[in-house]
Amino acid sequence: MEIPEKLDVEKKVIITVAPVGAWPTRETNPNLPITPEEIAAEVRRSYDAGSAVAHIHARDVKTENPTADTAIYRDIFEAVREACPDIIIQLSTGTGAAKLGFTPEQRIRHIKELKPEMASLNAGTMNMQRSLFINSPEMIEQYAQTMADLNVKPEFEVYDLGMIENIEKLVQKPGIIPEPYNFGLVLGVTGGIPASVKNLVHMVDALPDNSVWQVIAIGRHQIPLGTVGVVMGGGIRVGFEDNVYLSHGVLASSNAQLVEKAVKIIQQVGRMVASPDEARQILHLAPR
Ligand code: KMH
Ligand code: ZN
């Protein structure tokens, strides 16, 4: 995909909030939401601050561990929809598999049952920190087919250049992946592509034509590399899943603080924030 030479100020920026994730704990940030009510309240605050998409993981309330339990996903899904009917819900199919090793079927069951507007689809197998994150070619194809059948828009999470190629091959098979192709460029996971401007430029360059993309940069890279992505024409994902700090040594009190920061940056660099309905148009989702 050609990297535009000029900033397209008309192109609105989709902010995704990822308030939970699989890896952070309340020890890393005591404000991490765990219960369906807490997650829903954080999504609402983030929506009020400017996020159009909520990328959601489920946690077991007793152990606080990630879970793939469909009943828990349902409780969260319904709580979020009630608290924030407008936001686009994207459920995770990673769902902590690298940490807890769920089966391929466990990881897609909640998508089949709840049919969210969007779901993540991890585009390759890798070492993630000290764990194995398994996303075999068969799984990727099956998940893509299931999502196509259910009209769930996949966001391809790519942690390296080779994973973009995995999706490129899938795109060539007719009928599985509707345009525009939607990518989350993950930079800075231990075991994945390191977070740098050079690597981001290279990744954007490698995307198929007619792709929509956002930067998912980890830890202290979240805001600076996300800002580079915004200037390059992409979206930005913020939230505790990838980063629990508001600034150096200062924990964020809410995911919404990170969304607020992203909004200010987007406005300062001359772009505008997409509402959920504008995000639906950009991603070719059905109108609400
Ligand atoms: N944790 C992110 C770096 C997923 O949930 O499917 C990637 C992610 C994947 O959000
Ligand atoms: Zn996730």
Side-chain angles (χ1 to χ4, degrees), residues 14-25 28 32-34 39 42-43 46 51 53-59 65-68 73 76-77 80 88-102 104 106-111 114 116 118-129 131-136 139-140 142-144 146-147 152-160 163-164 166-167 182-195 199-200 203 213-222 225-226 229 235-244 255 258:
I14 300 174
I15 303 176
T16 297
V17 65
V20 188
W23 295 94
T25 63
T28 54
L32 180 74
I34 300 282
I39 294 170
E42 274 293 90
V43 170
S46 302
S51 76
V53 179
H55 168 85
I56 289 175
H57 285 243
R59 294 291 183 108
N65 280 331
T67 175
Y73 265 107
I76 297 168
F77 188 70
V80 170
I88 299 168
I89 299 179
Q90 180 191 95
L91 296 183
S92 170
T93 60
T95 197
K99 214 172 178 183
L100 293 172
F102 301 118
Q106 282 174 315
R107 287 172 52 187
I108 193 78
R109 218 169 32 197
H110 54 293
I111 307 299
L114 301 171
M118 295 177 75
S120 61
L121 201 167
N122 294 275
T125 297
M126 64 186 291
N127 296 337
M128 184 176 274
Q129 304 193 35
S131 310
L132 253 190
F133 188 27
I134 298 172
N135 299 288
S136 68
M139 278 176 71
I140 295 169
Q142 278 170 13
Y143 283 14
T146 301
M147 290 180 199
V152 173
K153 180 86 180 172
E155 177 175 297
F156 302 112
E157 313 296 12
V158 294
Y159 303 75
D160 229 322
M163 294 196 195
I164 296 177
N166 294 344
I167 300 305
N182 179 31
F183 285 87
L185 309 178
V186 185
L187 299 103
V189 165
T190 306
I193 196 166
N199 285 341
L200 174 59
M203 283 179 115
W213 56 275
Q214 68 169 347
V215 171
I216 304 176
I218 306 301
R220 66 186 189 282
H221 302 290
Q222 179 171 82
L225 207 55
I236 179 170
R237 181 169 116 175
V238 294
F240 292 173
E241 172 160 352
D242 310 312
N243 162 48
V244 294
N255 283 276
L258 292 161

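The figures that follow rest on heavy atoms only: side chains count, while hydrogens, waters and symmetry mates do not. First listed ligand is number 1; within each ligand, the first listed atom is number 1.
- Checking Arg107 against Asn135 by side-chain atom types alone, a donor-acceptor pair falls below 3.5 Å.
- When non-hydrogen atoms are compared, ligand 1 lies under 4.0 Å from neither the backbone nor the side chain of Gln90.
- Closest heavy-atom approach to atom 6 (O) of ligand 1 among the candidates Pro66, Ser120, Ala97: Ser120.
- In this pair, Phe156 and Phe183 present their aromatic rings tilted. The plane angle is within the 30 to 60° band.
- The His55 neighbourhood of ligand 1 comprises atoms 4 (C), 5 (O), 10 (O), with distances under 4.0 Å to a heavy atom of that residue.
- A donor-acceptor pair under 3.5 Å links the side-chain atoms of Glu42 to the main chain of Asn255, judged by distance alone.
- The atoms of ligand 1 that sit less than 4.0 Å from any heavy atom of Arg237 are 1 (N), 2 (C), 7 (C), 8 (C), 10 (O).
- The proximity of Leu121 to ligand 1, defined as any non-hydrogen pair under 4.0 Å, does not occur for either the backbone or the side chain.
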Exercise. Take Ile56 and Val20, measure what side chain to side chain contact (heavy atoms under 4.5 Å, CB included) needs, and give me the verdict at the end.
Key: CA-CA 7 Å; Ile56 289 175; Val20 188; 5.6 Å; no

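- Between Pro24, Ser92, Gly21, Gly94, it is Ser92 that holds the heavy atom closest to atom 5 (O) of ligand 1.
- Here the heavy atom of the protein found nearest to atom 1 (N) of ligand 1 is Glu241 OE2, 2.8 Å.
- Thr95 and Tyr73 share a side-chain donor-acceptor pair at under 3.5 Å.
- For the pair Lys99 and Ser131, the minimum side-chain heavy-atom distance is 4.5 Å or more.
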Quiz item: Which is it for Ile218 and Asp242 under the side chain to side chain contact (heavy atoms under 4.5 Å, CB included) test, yes or no, and what are the steps along the way?
Solution: CA-CA 5 Å; Ile218 306 301; Asp242 310 312; 3.7 Å; yes

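- Taking 2.8 Å as the criterion, Glu157 does not count as a coordinating residue of the Zn ion (ligand 2), since none of its N, O or S atoms falls below it.
- Lys153 places no side-chain N or O within donor-acceptor distance of the main-chain N or O of Ala119, the cut-off being under 3.5 Å.
- When the Zn ion (ligand 2) is compared with the N/O/S atoms of His55, atom NE2 turns out nearest.
- Remark: distances from the non-hydrogen atoms of Tyr159 to ligand 1 include one below 4.0 Å.
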Self-check item: Verdict with supporting geometry, Asp160 and Met126, side chain to side chain contact (heavy atoms under 4.5 Å, CB included)
Solution: CA-CA 9 Å; Asp160 229 322; Met126 64 186 291; over 6 Å; no

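- Geometrically, ligand 1 and His57 share a nitrogen or oxygen pair separated by less than 3.5 Å.
- Among protein heavy atoms, the minimum distance from atom 3 (C) of ligand 1 is reached at Val186 CG1, 3.6 Å.
- Among heteroatoms of the N, O or S kind in Glu241, OE2 lies nearest the Zn ion (ligand 2).
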